[in-house]
Amino acid sequence: MKAAAPAKQYWLMKTEPDGFGIADLERVKLEPWTGVRNYMARNYMRQMSVGDGVLFYHSSVDPPGVAGLARVETTGVVDATQFDPESKYYEAKSKREAPLWDCVNVAYVETLPTYVELAALRAEPALAKMMCLRKGMRLSVQPVTAAEYAKIVTMGHKKSRPATATKSKPAPKKR
DNA sequence: GCCAACGTTGGC
DNA sequence: GCCAACGTTGGC
């Protein structure tokens with residue numbers, strides 16, 4: 001009998017959609033999260049387990065926000081870009097026998113029907129303690145709690161509605 | 001494009 | 001091991 005699986009953990013991973021966004025992840029389905037060159041972010045990736053939930057966050061766009069969901073598919077992936085002199089992530093001091101940078105493979109789960117803007121995260125009291133809302137927080141890989149993750153998934157699944165409802169909404173369709 | 005905040009580097 | 005200088009991130 002297998003040991004009990006570790007409790008599922010949740011993370012937020014930032015990306016610039018101009019480079020690689022949720023639409024790209026949807027297309028390729030699986031992406032090694034290479035190019036992270038920050039030790040704290042790397043260490044968080046080392047703490048990940050297969051199956052962990054990921055909030056896929058779009059940064060450096062207007063507006064920034066959570067665009068989709070992903071899942072940790074493989075852990076302990078050596079970041080190949082560190083050995084590629086052509087890559088902007090090339091790291092001359094990293095040795096093949098002791099790679100400095102490793103990462104995880106991230107699998108596409110879904111694109112949220114409602115894009116959860118940063119402003120919406122800030123406006124939600126239940127998310128007040130989120131790391132990514134802290135001033136100056138620019139870590140590209142961050143832990144989030146199960147409750148925060150669930151809340152954001154709910155927000156992302158909420159039907160978007162008109163900014164101002166001057167008229168009463170039509171009755172919901174019967175199923 | 002600005003700039004605050006932060007991580008990293010390197011001189012000492 | 002301190003800390004100033006520098007580069008980068010990322011919201012605004």
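Numbered from 1 within each chain, the chains take letters A, B, ... in sequence-line order. Predicted, not measured: the structure shown is a model, and the values here were computed from it.
One atom, CE of Met40(A), and another, C1' of dT8(B), lie 12 Å apart when rounded to the nearest Å. For Leu133(A) and dA5(B), the CG to C1' distance is 16 Å, given to the nearest whole Å. Atoms CG (Asp62(A)) and P (dG1(B)) sit 16 Å apart, rounded to a whole Å. Following rounding to the nearest Å, Tyr44(A) (OH) and dG7(B) (P) show an atom-to-atom distance of 11 Å. What separates CG of Asn38(A) from C1' of dG7(C) is a distance of 13 Å, to the nearest Å.
No hydrogens or angles considered: nothing links the side chains of His58(A) and Glu117(A) as a donor-acceptor pair under 3.5 Å. Asp52(A) and Trp11(A) share a donor-acceptor pair across their side chains, judged by distance under 3.5 Å alone.
Remark: Arg122(A) is in phosphate contact with dC12(C), judged by side-chain N or O atoms under 4.0 Å from OP1 or OP2.
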Polar atom pairs between nucleotides 9-11 of chain B and protein, under 3.5 Å, N or O only, would you list them?
none

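A salt bridge between Arg71(A) and Glu73(A) is present, with a side-chain N of the basic residue lying under 4.0 Å from a carboxylate O of the acidic one. With respect to the salt-bridge test (charged N to carboxylate O, under 4.0 angstrom), the residues Glu91(A) and Arg37(A) qualify. A salt bridge does not link Arg42(A) with Asp102(A): every distance from a Lys NZ or Arg NE/NH1/NH2 to an Asp or Glu carboxylate oxygen is 4.0 Å or more.
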Q) Please walk me through it: do Phe56(A) and Trp33(A) pass ring-ring contact (aromatic ring centres under 6.0 Å, His included)? A) CA-CA 12 Å; Phe56(A) 205 77; Trp33(A) 212 247; 5.6 Å; yes
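Taking only side-chain atoms of Lys135(A), from C-beta outward, the nucleotide of dC12(C), dG7(B), dA5(B) with the closest atom is dA5(B).
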